[in-house]
Each structure stands twice: as C-alpha cells, then as structure tokens.
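Below is one structure; the comments refer to it alone.
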Amino acid sequence: MTTHNHDNTFDITMTTQITLTTVNHDISLKLISYNSRSLVCIVGGNPKPVITWRRNNVQVPEDIAKYTIDNSVEGQSTLIVHSVDKNSDVGDYICEGENRIGKTKETIELIVVAA
C-alpha cells in the first residue's frame with residue numbers, strides 16, 4: 001500500500017501473523033459401529049497459510065481412504081478420520097499453518113472409548 005503525504009510518498013508494508021483455532025479440544029467419543037470423526041481447524045493469515053495435518057508428528061496422507069482433508073471452506077480445514085478405531089486412531093492430531101511470516105499449530109487429542 002502506498003500513502004501520499006503532501007509531496008512525499010511512503011511505502012507501508014503490512015504483515016499479518018497466522019491465526020489458528022481448533023474447534024475441537026480433547027475429544028472423547030464413543031466408538032459405535034466405527035463412526036467417522038471430523039476435526040476442524042480455523043486458519044487465517046496474510047499471506048494465506050498452507051495447512052498441514054499431522055498425527056503423532058507424522059503428516060496425514062491424503063491419498064488413502066482412511067482420511068479426507070477438506071479445505072473447500074475459506075479459512076477452514078477439516079480432517080475426517082473414517083471408521084475410527086480405538087486401537088489405531090487415538091493420539092494427537094496437529095493442525096499446522098505456515099506462511100512466509102511464520103508457523104503455528106494446534107493439537108487435538110483424539111480419545112476413543114468402547115461403547
């Protein structure tokens with residue numbers, strides 16, 4: 001953005017850090033018929049941050065049927081865990097946002113209990 005002040009011209013650079021909020025915290029759900037579970041992360045920033053999901057510090061693969069990552073809503077990323085299993089799907093799910101200004105993350109703990 002350029003601002004004019006009499007005969008002088010000033011260049012002003014505006015930067016915005018990344019803001020990130022998770023909708024779900026410390027999730028405890030009853031496992032009934034291997035339900036799916038959505039984990040939602042609200043992300044903002046300028047420039048627009050790139051979103052990455054991790055489970056137990058490993059990037060969630062987008063190319064297997066177990067997970068669906070939906071970034072179709074502006075400023076929101078949803079990780080859907082299909083057929084949640086109490087033995088293999090528990091743990092920390094991390095939503096991470098990164099742009100050239102910085103990086104931030106939020107952790108959602110998924111706890112599955114038998115019905």
Side-chain angles (χ1 to χ4, degrees):
M1 170 169 62
T2 303
T3 303
H4 297 280
N5 183 1
H6 302 290
D7 293 305
N8 299 323
T9 301
F10 302 96
D11 287 323
I12 300 172
T13 303
M14 299 179 70
T15 57
T16 305
Q17 301 229 355
I18 302 169
T19 58
L20 191 143
T21 306
T22 52
V23 175
N24 326 75
H25 286 288
D26 297 322
I27 299 168
S28 177
L29 63 97
K30 289 191 175 184
L31 182 63
I32 302 171
S33 303
Y34 293 94
N35 292 329
S36 294
R37 182 63 185 182
S38 296
L39 308 177
V40 180
C41 185
I42 309 298
V43 183
N46 185 10
K48 182 179 176 181
V50 174
I51 307 304
T52 305
W53 282 95
R54 299 184 181 281
R55 180 178 165 267
N56 297 331
N57 289 321
V58 176
Q59 187 168 344
V60 173
E62 297 184 52
D63 59 349
I64 62 172
K66 179 70 178 173
Y67 303 104
T68 301
I69 298 174
D70 180 3
N71 294 319
S72 64
V73 176
E74 183 69 29
Q76 178 175 305
S77 181
T78 302
L79 171 64
I80 303 167
V81 183
H82 299 284
S83 300
V84 174
D85 181 83
K86 70 175 184 165
N87 296 314
S88 61
D89 293 323
V90 298
D92 290 336
Y93 288 81
I94 299 168
C95 177
E96 188 174 79
E98 182 175 11
N99 65 14
R100 64 181 171 83
I101 307 298
K103 184 183 206 177
T104 190
K105 64 183 177 180
E106 283 284 328
T107 301
I108 302 169
E109 182 182 13
L110 182 62
I111 302 168
V112 181
V113 293

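All residue numbers refer to positions in the sequence shown, counting from 1.
- In this structure a side-chain-to-backbone donor-acceptor pair under 3.5 Å is missing from Asp92 to Thr107.
- The two residues Pro49 and Gly44 come nearest to each other via the heavy atoms CG-O, 4.0 Å.
- Annotation: the span from Thr52 atom OG1 to Lys105 atom NZ amounts to 12.0 Å, rounded to 0.5 Å.
- With Arg37 contributing its side chain and Leu79 its backbone, the two residues share no donor-acceptor pair below 3.5 Å.
- Nearest approach of Asp70 to Ser72, heavy atoms of both residues: OD1-OG, 2.6 Å.
- Every pair passing side-chain hydrogen bond (donor to acceptor under 3.5 Å, both in side chains) that includes a residue from residues 57-67 is listed here, sequence neighbours excluded: Lys66-Asp89.
- Hydrophobic clustering (side-chain heavy atoms under 4.5 Å, transitive across Ile, Leu, Val, Met, Phe, Trp, Tyr) groups Ile69 together with Ile64.
- Considering only heavy atoms from C-beta on, Trp53 stays 4.5 Å or farther from Val81 through its side chain.
- Of all non-hydrogen atoms in Cys95 and Val43, the two that sit nearest each other are SG-CG2, 4.4 Å.
- Counting all heavy atoms, side chain and backbone alike, Ser38 lies closest to Ile80 at OG-CG1, 3.7 Å.
- Residues Val60 and Ile51 share a hydrophobic cluster, clusters being chains of Ile/Leu/Val/Met/Phe/Trp/Tyr side chains in contact below 4.5 Å.
- The shortest non-hydrogen separation linking Gly91 to Asn56 is CA-OD1, 3.6 Å.
- Clustering ILVMFWY residues whenever any of their side-chain heavy atoms sit less than 4.5 angstrom apart, transitively, puts Ile108 in a cluster other than the one holding Ile94.
- Listed by chain and number, the residues in a side-chain hydrogen bond (donor to acceptor under 3.5 Å, both in side chains) with Thr68 are His82 (sequence neighbours excluded).
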